Undergrad: 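Have a look at the structure that comes next, please.
Order of listing sets the numbers, starting from 1, for every ligand and every atom in it. Note that the coordinates shown come from a computational prediction; the quantities given were computed from them, not determined experimentally.
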Amino acid sequence: MDLVDVDDLTTDELHAVLDRAADIKAAQEDGTAAQPLTDQTLGMIFEKPSTRTRVSFETGMTQLGGHAIFLGPDDIHLGHGEPIKDTARAVSRYVDFIMARVFDHSDIVELAEYATVPVVNGLTDDAHPCQTLADLLTIREHFGFDTSVAWVGDGNNVCQSFVLGAAMVGLDLTVATPEGYEVDDDVLARADELGSAPETTTDPEEAIADAEVVYTDVWVSMGQEDKREQKLDEFEGFQLTTDRVGDRAVMHCLPAHRGEEITDETLESDNAIVWDQAENRLHAQKGLLVWLSEQ
Ligand code: CP
Ligand code: NVA
């Protein structure tokens, strides 16, 4: 079983992973944590930079009794002549899990197809399911799932996986993007199948009006640096300011570009639950790895 996107899990499985994550988090906090992945190894392939994903997966494996190997762009042959399918089959002969952060979503699909161990998507241009697991854990801890969330910004990888996860757990979600930056139709159709597609709008105020939580991400994602000027221009009016957010909780997957999608004041305010979100990457992924090891 792989996690290429959130909807590789059934809704019951998604709740089971979140429950497992919460149990592991509680055990770590009260000093009773077990090490169910002793002697197991996670291979971590990174084509793009990472702080949270890299450190949380590596630390998570250590805490679970296992080990993680960082495989950056200059460390392995992937991208320098060896096809993905060969990397997938060879690395599968050594490790127990593969986590990969790649540009093209089709690359993780191919990796998962050829690998013989579970493959976990650590972000592609289209999806970021591990972030969604942590986001849902954070929302569940703070508000439960009977709450309303507004996504304000780009209909990007983080947004798309969140749309799917939100549909699965029944969050009331509205997505506000500038015209031309909407969530893919395919993702909206999958969300609809899973529960309900979010409301969509190009008006951030309309999305925020009835929301308890406001979520944003960078306007210029990794690999889009050449579109920077154009995007900064087209996203004008979508910034999360303290005035706009009011007393709502604020989420951001990080890293944040202060002064672009969010002001420094908003990110530093007590409304921001971004550090809980970041911490929950660790717990959510530990829950996922342990759950995958039992399938
Ligand atoms: N949110 C997230 O995935 O952060 P990194 O890019 O630092 O891994
Ligand atoms: N949308 C951002 C998320 C980073 C975690 C990017 O792809 O760069």
Side-chain angles (χ1 to χ4, degrees), residues 3-6 21 42-61 68 70-73 98-108 120-139 151-165 175-178 180-184 187 214-228 230-232 234-235 238-240 250-262 267 272-286 288-289:
L3 188 79
V4 170
D5 211 338
V6 187
L42 169 70
M44 305 191 298
I45 297 171
F46 282 96
E47 285 184 347
K48 306 185 189 186
S50 168
T51 299
R52 280 142 287 270
T53 305
R54 191 252 165 107
V55 178
S56 58
F57 266 109
E58 189 161 337
T59 306
M61 281 303 286
F70 176 77
L71 304 166
I98 296 171
M99 186 279 296
R101 168 170 287 195
V102 296
F103 286 91
D104 288 343
H105 191 74
S106 60
D107 286 351
I108 194 110
V120 175
N121 181 351
L123 181 145
T124 66
D125 288 348
D126 294 349
H128 198 2
C130 291
Q131 182 65 52
T132 299
L133 295 181
D135 297 342
L136 294 178
L137 189 61
T138 308
I139 291 171
W151 176 278
V152 176
D154 198 2
N156 62 13
N157 43 11
V158 173
C159 178
Q160 298 207 127
S161 290
F162 187 73
V163 162
L164 297 171
V175 175
T177 65
Y181 294 99
E182 296 88 355
V183 169
D184 289 348
V187 173
V214 187
Y215 192 171
T216 194
D217 181 20
V218 292
W219 295 337
V220 184
S221 284
M222 290 180 277
Q224 300 182 336
E225 290 76 13
D226 60 330
K227 299 197 182 95
R228 183 175 173 76
Q230 182 193 340
K231 289 193 90 173
L232 293 190
E234 289 174 330
F235 281 76
F238 278 74
Q239 188 182 62
L240 295 191
V250 174
M251 294 178 68
H252 194 308
C253 60
L254 305 174
H257 293 169
R258 289 166 164 85
E260 294 182 13
E261 75 280 359
I262 192 164
L267 198 65
I273 55 172
V274 300
W275 309 115
D276 292 343
Q277 248 184 298
E279 178 185 332
N280 277 336
R281 292 293 304 275
L282 172 70
H283 308 299
Q285 290 155 194
K286 284 166 73 181
L288 173 69
L289 292 170

Undergrad: For residues Leu123 and Asn121, report the shortest heavy-atom separation together with the two atoms involved.
TA: N-OD1, 2.7 Å
Undergrad: N/O of His128 under 3.5 Å from N/O of ligand 2, yes or no?
TA: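 His128 vs ligand 2: no N/O contact under 3.5 Å.
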Undergrad: Looking only at distance, does Lys48 have an N or O less than 3.5 Å from an N or O of ligand 2?
TA: no
Undergrad: Output yes when Asp135 and Arg281 qualify as a salt bridge under the 4.0 Å nitrogen-oxygen rule, no when they do not.
TA: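 Answer for the salt bridge query: no.
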Undergrad: Does the side chain of His257 come under 3.5 Å of the side chain of Glu261 through a donor N or O and an acceptor N or O?
TA: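 No.
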Undergrad: What I want to check is whether the side chains of Thr138 and Asn280 have a donor and an acceptor closer together than 3.5 Å.
TA: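 The criterion, which ignores hydrogens and geometry beyond distance, is satisfied for Asn280 and Thr138.
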Undergrad: Is it the case that the side chains of Gln160 and His128 hold a donor-acceptor pair, with the cut-off being a distance below 3.5 Å and no angle test?
TA: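 On atom types as modelled, these side chains do not qualify, holding no pair under 3.5 Å.
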Undergrad: Could you tell me whether Asp154 approaches ligand 2 through its side chain, its backbone, both or neither, with non-hydrogen atoms closer than 4.0 Å?
TA: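 Contact part for Asp154 vs ligand 2: neither.
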Undergrad: Got an N/O contact under 3.5 Å between Met222 and ligand 2?
TA: yes
Undergrad: Locate the shortest heavy-atom distance separating Ala21 from Leu137; write the atom from each residue and the value.
TA: CB-CD2, 4.1 Å
Undergrad: Sort out the contact shell of ligand 1: every protein residue with a heavy-atom distance below 4.0 Å, listed by chain and number.
TA: Ser50, Thr51, Arg52, Thr53, Arg101, His128, Gln131, Cys253, Leu254, Arg281
Undergrad: Looking at atom 3 (C) of ligand 2, what's its closest protein heavy atom, distance included?
TA: Asp217 OD2, 3.5 Å
Undergrad: Considering the heavy atoms of Leu123, write down every atom of ligand 2 situated less than 4.0 Å from one of them.
TA: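 Near Leu123, meaning under 4.0 Å from one of its heavy atoms, ligand 2 has 3 (C), 4 (C), 5 (C), 7 (O).
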Undergrad: With a 4.0 Å heavy-atom cut-off (strictly under), which part of Val218 contacts ligand 2: side chain, backbone, both or neither?
TA: side chain
Undergrad: Just so I know, are the side chains of Asn156 and Trp151 near enough to count as touching, which here means a heavy-atom distance under 4.5 Å?
TA: yes
Undergrad: Ser56 and Gln285: side-chain donor and acceptor closer than 3.5 Å?
TA: yes
Undergrad: In terms of ring plane angle, is the pair Phe235 and Tyr181 parallel, tilted or perpendicular, where the classes change at 30° and 60°?
TA: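 Judged by the thresholds at 30° and 60°, the geometry between Phe235 and Tyr181 is tilted.
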Undergrad: What atoms in ligand 2 come closer than 4.0 Å to a heavy atom of Leu254?
TA: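 That gives atoms 5 (C) of ligand 2.
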Undergrad: May I ask you to identify the nearest protein heavy atom to atom 7 (O) of ligand 2, giving residue, atom name and distance to one decimal place in Å?
TA: Asn157 ND2, 2.8 Å
Undergrad: Determine yes or no for a side-chain-to-main-chain donor-acceptor pair under 3.5 angstrom, with Lys231 supplying the side chain and Val220 the backbone.
TA: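 Checking the backbone N and O of Val220 against the side chain of Lys231, no donor-acceptor pair under 3.5 Å is found.
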